[in-house]
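Lettering of chains follows the sequences in order, A, B, ..., and the numbering in each one begins at 1.
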Amino acid sequence: MPDSPAIASSGAATAVETAHAAAHPDYLRHHFESVEQQADTTNFAMWLFLLTEVMFFGGLFMAYLIMRNWYYPAFVEASHHLSIFWGTTNTAVLITSSFTMAMGVWCAETRRKKGLLLSLILTFCLGLVFLCIKGIEWHAEWVQHHVPGLHYSVESFVNPASDPEIYAEYHDRALSPAMALRTEMYFFLYFAMTGMHALHMIVGISILGFMILRARAGSYTNGHVTFVENVGLYWHFVDIIWIFLFPLLYLVSRHG
Amino acid sequence: MTEAHEHQRHIVSPKVYLAVFLSLLCLTALTTAASFVELYVFNVVVALAIAVIKAALVVLFFMHVRYSNRLTKLTVASGIFMFCVLVGMTLTDYFTRAWGQW
Amino acid sequence: MSTSTIVRLPDQSTARIPRMNFLSRENGLLSWLLTSDHKRIAILYLISITFFFFVGGALAGLIRLELLTPQSDLMATDTYNKVFTMHGLIMIFFFLVPSVPATIGNFVLPMMVGAKDLALPKINLLSWYLYIVAGGLMLYTMAVGGVDTGWTFTTPLSTHYLNTHVISAGLAVFVAGFSSIFTGLNFIVTIHKMRCPGMTWFRLPLFVWAHYAASLLMVLGTPVLAITLVLVVLERTVHIGVFDPALGGDPLLFQHLFWFYSHPAVYIMILPGMGVISEVISTFSRKRVFGYTAVAFSSVAIAVFGFFVWAHHMFIMGISNYAALVFSLLTMLVAVPSAIKIFNWSFTLYKGSITFETPMLYAIGFLGLFTIGGMTGVFLGTAGTDIHLTETYFVVAHFHFVMVGGMLMAFLAGIHFWWPKITGRMYPEKISQLAAVVTFIGFNLTFFPQFILGMLGMPRRYASYPPEFQILNVFSTAGATVLGVGYLLPVLYLTWSLKYGKIAGNNPWQATGLEWQTQSPPLTENFTRIPIMDHEAYDYEWLENQQQKEVASA
Amino acid sequence: MSHISPVLWQYLVKWLTNFALFPPEASKIAPQMDALFFFMVLVSLVGLTIVVLLITAFSILYRKERHPVAEQIEGSTLLEATWTIIPLGLFLIMFVWGALIYFRVYTPPANAMNVYVVGKQWMWKVEHAGGQHEINALHIPAGRPIQLTLISQDVFHSFSIPAFRVKREAIPGRYTTVWFEATQPGTYHFFCTQYCGTEHSHMTGDVVVMTPDGYKKWLAESTSGMSLAQNGERLFASLSCTACHNDRADARGPSLVNVYGSRLPLPNGGTVVADDAFLREAILDPSQHLTQGFAPIMPTYQGQISEDGVISLVEFIKGLHSGYRLQQTLTTTTLLPESEGKAVPVRQAPPQSHLAKGWVKP
Ligand code: HEA
Ligand code: HEA
Ligand code: CUA
Ligand SMILES: [Cu+2]
């Protein structure tokens with residue numbers, strides 16, 4: 001580009017040519033100097049975004065922490081009504097999806113189109129499986145009248161024997177009526193936290209769906225892996241949230 | 001750009017991923033099992049410790065932080081730090097509310 | 001004063017605005033609405049925040065009119081409550097938080113670091129759209145009847161005892177929060193990754209340092225506000241209970257979460273302004289900022305320590321006395337870096353060669369008013385005196401001194417300072433100097449009496465008050481009128497100057513920042529070639545040599 | 001600072017007060033707080049003067065006409081250290097001084113006379129131990145430490161008496177306290193300073209500080225016939241508290257004789273002091289406040305007694321020093337009409353599983 005007269009030739013001494021003789025792939029945005037710079041930048045931006053997510057969930061964890069400390073007995077008894085089987089299974093499902101996602105990134109890095117597609121589809125499906133299991137659990141809570149606000153009964157907490165299954169396993173002692181009311185707080189937080197997590201899953205799954213389409217057209221295996229990597233970071237982050245939600249919500253105290 | 005290309009992108013091998021994956025599954029089993037054992041206050045300690053280890057594995061390997069530059073590590077660290085500030089400083093209030101009353 | 005001016009305008013007979021620039025590049029509404037040019041987005045922001053400033057200002061006018069008399073005669077108490085709530089919400093979230101960063105910062109920060117654009121141009125545009133959506137929601141809230149929680153959304157009042165439009169207002173702030181997060185994120189990434197060759201951290205202008213610190217706060221603090229508002233909305237809609245004492249929750253938890261963001265937010269508001277002041281004072285005294293490193297680090301220190309002091313808003317709210325002790329102590333620590341800055345700026349003048357163009361006048365106003373505002377912040381941070389002063393007009397005066405006397409002055413300083421760069425034309429100097437002086441006088445008349453009112457015990461958020469407070473309130477209202485004139489003037493003459501202002505040339509102030517080394521208004525890609533930074537920030541000798549070289553080669 | 005020059009101090013304050021620039025100093029803590037306030041004003045003025053002087057002097061000395069060429073100076077570690085350390089030192093002095101005052105205001109002396117204040121949208125209800133009720137007014141004697149025990153029935157309110165320099169938030173669900181000792185008889189404003197909704201600005205009233213004699217007279221004239229404790233006793237009986245808390249050997253609930261101020265063992269091994277807040281919560285949320293050795297059979301009274309009722313109960317329990325009164329109350333229980341006690345009488349309550357049956361949150 002010729003110097004237009006009005007430009008003080010950027011004063012700052014010598015200059016680097018903007019136009020790169022070197023490789024200038026079409027996915028390089030105009031304001032970056034090089035592919036590495038672009039990759040680094042978007043990667044860092046993704047990390048910063050995850051940082052905001054940490055603080056976002058941080059507020060929820062904070063609320064959970066205080067309430068759990070105050071109403072520990074209620075939290076114990078209420079958590080007994082979650083299904084440890086589904087909880088553990090779901091954790092495994094999510095971890096597996098994280099693994100397949102990581103493999104997807106590897107396939108993209110090593111330009112394996114088939115592998116990438118397979119990994120993405122697996123991740124996508126595992127994500128859906130997770131949501132389905134979550135749905136089963138939520139349904140169970142609905143049936144047990146443990147959906148706060150809408151459909152809530154403290155019956156099984158003031159009178160544990162009314163739920164023979166749980167009672168046989170944990171021999172829960174009856175909560176006093178006042179404390180039993182606080183189980184609703186537990187379930188509120190449970191729904192808020194798992195709901196917020198599920199929302200993040202849905203966003204992730206949608207992006208994965210979009211990526212599967214693109215990957216079929218050969219994107220991401222042409223050396224431009226940043227996008228896959230960043231979605232991977234997001235997916236793993238959502239996994240980490242669950243890694244903390246699981247012990248906090250399901251494993252408050254499982255021994256009888 | 002100054003910090004841009006410190007080194008080439010490190011490609012983590014599938015073996016590592018597999019190893020991490022398996023340890024994560026084991027830890028999940030372990031934490032579930034541990035919760036059925038009466039450990040008193042240590043139940044929550046164990047559960048959280050395992051969760052932290054699992055999260056660390058995911059962050060370090062799946063998210064490549066182990067192979068990343070200082071800036072990424074710093075970002076992760078500051079996330080953890082700020083979360084601790086939020087929780088820790090709030091707890092200064094909650095834990096001392098009853099002080100001076102006995 | 002104009003005799004002493006350092007303005008170097010090009011020869012008026014030959015001067016022209018460069019034909020190719022970011023404004024002339026494309027035309028039509030769509031070219032603006034779909035732009036990813038940081039400079040155009042900055043202008044979009046400038047227009048939108050100015051609009052909201054005047055909405056907020058008109059509401060302030062209503063507040064002051066109501067407070068002219070002790071009775072609540074102009075409007076009913078609940079109308080008054082809605083008015084000050086809207087005033088606070090609009091001024092904070094729709095004016096002051098985005099004021100300097102999203103307009104001036106957006107415009108000049110990429111140029112200062114020698115980049116062609118922000119790192120994530122589309123996110124930048126998204127950020128503006130989020131702002132507009134949020135603003136729309138806020139106006140909708142106002143149109144359908146408003147909200148009267150106070151800008152602090154205090155629970156359980158906001159969740160269980162009001163039937164105004166808390167949800168849409170909360171949502172508006174939620175969305176505006178994400179707009180702010182994305183701006184901050186973009187800045188951090190840009191500062192880390194987009195610096196031109198030779199631009200080391202300690203060659204960055206202090207404006208960039210200040211924005212870096214503010215961006216950290218935006219990225220780390222705002223999400224907590226977001227989740228807090230989500231919880232408030234859930235509390236209102238499905239009675240989740242975490243903030244509701246009747247359901248076993250703790251309303252103080254809300255306050256902790258809210259102030260975890262909102263204290264750092266006050267530094268989000270002031271730090272970018274401090275960046276402007278560094279640039280302006282250095283330029284008009286033709287000297288490197290005294291103790292560059294100290295000023296740079298004090299910005300970061302303010303940002304970091306700013307996270308440790310939030311409970312000073314809750315000293316009498318029922319937090320434990322011991323926690324109050326801790327937070328009071330930390331508040332003292334966070335005040336120190338601000339003091340360092342003030343003195344460093346004052347000493348920048350020492351042995352300088354000072355001129356008093358409008359930006360400089362605003363900057364000097366800032367120094368005085370921010371010192372008063374900041375010191376009264378220390379009164380409030382001192383647990384003992386806070387008991388008496390909190391929730392009175394003393395607090396109102398404190399935060400208007402720092403926000404209006406501090407940040408708004410800095411914003412105006414910045415707008416005047418970079419106006420030639422943004423538009424390629426000068427603003428009229430004489431009348432703008434007059435506006436600066438009018439603002440200063442009007443400001444003091446408005447808000448100084450409020451310190452005394454506060455000491456006398458007049459509570460804030462009162463639609464009516466005992467008659468003995470009237471005299472001081474009359475002063476305050478009178479001042480607000482003067483202040484309003486002071487703010488209307490710039491709008492008029494700046495608009496005028498778009499067409500009739502003198503051509504500014506590349507570097508009318510003889511400033512050293514990279515943004516001044518390119519044409520005004522700049523090209524879409526900012527520089528014809530990526531610059532290489534080979535000197536320190538604020539190196540006026542380098543600038544001089546550069547110009548001599550240019551003259552020689554011409 | 002009154003010890004430096006009382007005359008000058010009083011003169012200054014009076015002058016400022018007369019010009020309505022300063023609130024009267026009508027409590028013991030007021031001059032102490034004002035001393036710190038004026039200290040801070042002084043520091044700020046000095047600081048501001050320094051800054052303004054520097055700017056003015058440099059602006060004159062180094063304006064372009066006089067000083068056309070700037071001399072570049074990097075900075076000065078010594079100077080910068082000075083203006084770091086001196087403000088820091090001053091701020092720390094303020095912190096320590098302020099902390100002392102803060103603790104003084106919020107630590108009532110043992111001999112303080114207690115007055116209960118209940119905030120609700122949008123009025124203040126004041127309850128004196130003798131059973132005198134006031135709305136938006138507070139009568140107190142001068143020269144005696146007064147402790148306010150505050151609570152709110154709905155949202156946050158804040159009880160502020162500028163002339164006394166004290167203020168305390170009234171919080172829903174929790175007692176807070178503040179104390180003062182008025183020095184000057186007179187009438188002073190009090191305000192609700194925490195924004196609490198529509199009529200926030202009308203939640204104001206007057207503190208009437210009286211001479212001790214005047215106060216006695218006022219007490220006698222405005223008595224409602226029943227002291228708080230007596231009212232509490234009535235409630236205690238009508239809510240069937242005596243069914244369990246009857247001080248008998250086979251009582252199902254712990255004895256409440258002399259319980260106030262004592263240290264109670266908790267089931268988890270710790271102890272807790274039974275203060276006003278503890279008593280209140282033990283009534284409203286008993287499951288959380290169990291004494292060791294007793295089963296969690298007490299029903300919650302949450303939502304069944306007003307805050308005023310709780311205050312009366314607390315006041316009654318505070319004054320319980322012998323079991324005799326309880327026994328007496330017990331015998332009167334049968335005389336009371338059943339309808340007065342709204343709560344389920346525990347005595348007739350079936351075993352807890354029954355009690356729980358059909359317990360669905362409304
Ligand atoms: C831009 C916004 C901004 C800024 C920068 C500040 C800065 C500070 N603020 Fe302010 N504050 C607000 C905006 C701001 N504040 C708002 C909006 C509220 C009200 C919220 C609401 O309730 O609605 C508030 C309320 C508020 C409170 C709560 C009051 C209450 O409700 O009870 C407190 C208490 O500690 C406080 C303290 C401080 C302190 C210590 C600083 C410090 O950072 C100030 C540091 C600066 C200096 C100290 C000046 C420079 C010093 C010198 C030049 C040295 C002088 C010389 C010598 C000492 C020799 N602020
Ligand atoms: C950026 C922040 C900002 C800014 C710029 C301002 C600007 C002003 N503010 Fe505001 N203010 C707040 C933030 C801000 N405020 C906040 C956060 C609160 C707390 C809210 C709460 O309690 O929840 C508050 C509360 C507040 C109160 C206390 C209300 C109460 O507690 O009862 C008052 C009272 O005087 C006031 C006055 C003013 C005035 C006179 C201006 C002036 O500077 C405005 C001057 C501008 C104009 C006047 C507009 C330009 C002129 C015109 C549009 C022409 C028409 C003008 C007239 C008819 C006069 N503000
Ligand atoms: Cu009650 Cu304000
Ligand atoms: Cu603050």
Are C/Asn321 and B/Arg97 close enough, and set up right, to give a side chain to side chain contact (heavy atoms under 4.5 Å, CB included), and what steps lead you there?
CA-CA 7 Å; C/Asn321 291 353; B/Arg97 271 196 202 165; over 6 Å; no
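Smallest separation of non-hydrogen atoms from B/Thr96 and C/Ala323: OG1-N, 3.9 Å. The nearest pair of heavy atoms linking B/Val85 to C/Trp310 is O-CH2, 3.9 Å.
For B/Tyr94, the part lying under 4.5 angstrom from a heavy atom of chain C is the side chain only. Proximity to chain B (any heavy atom under 4.5 Å) is restricted, for C/Phe260, to the side chain, taken from C-beta onward. Looking at C/Leu257, only its side chain comes within 4.5 Å of chain B, counting heavy atoms on both sides. Proximity to chain B (any heavy atom under 4.5 Å) is shown, for C/Leu253, by both the backbone and the side chain. With a 4.5 angstrom heavy-atom cutoff, C/Ile319 touches chain B via backbone and side-chain atoms both.
Taking the side chain as every heavy atom from C-beta outward, B/Thr75 and C/His192 never approach each other to under 4.5 Å. You'll find the side chain of C/His256 stays beyond 4.5 Å of the side chain of B/Leu86, heavy atoms only. Side-chain atoms of B/Met89 and C/Phe327, non-hydrogen and from C-beta on, do get closer than 4.5 Å to each other.
Ring geometry, C/Phe308 versus B/Phe81: the interplanar angle exceeds 60°, so the pair is classed perpendicular (tilted spans 30 to 60°).
Counting only distance, with no hydrogens or angles, the side chain of B/Asp93 and the backbone of C/Ser320 share a donor-acceptor pair below 3.5 Å.
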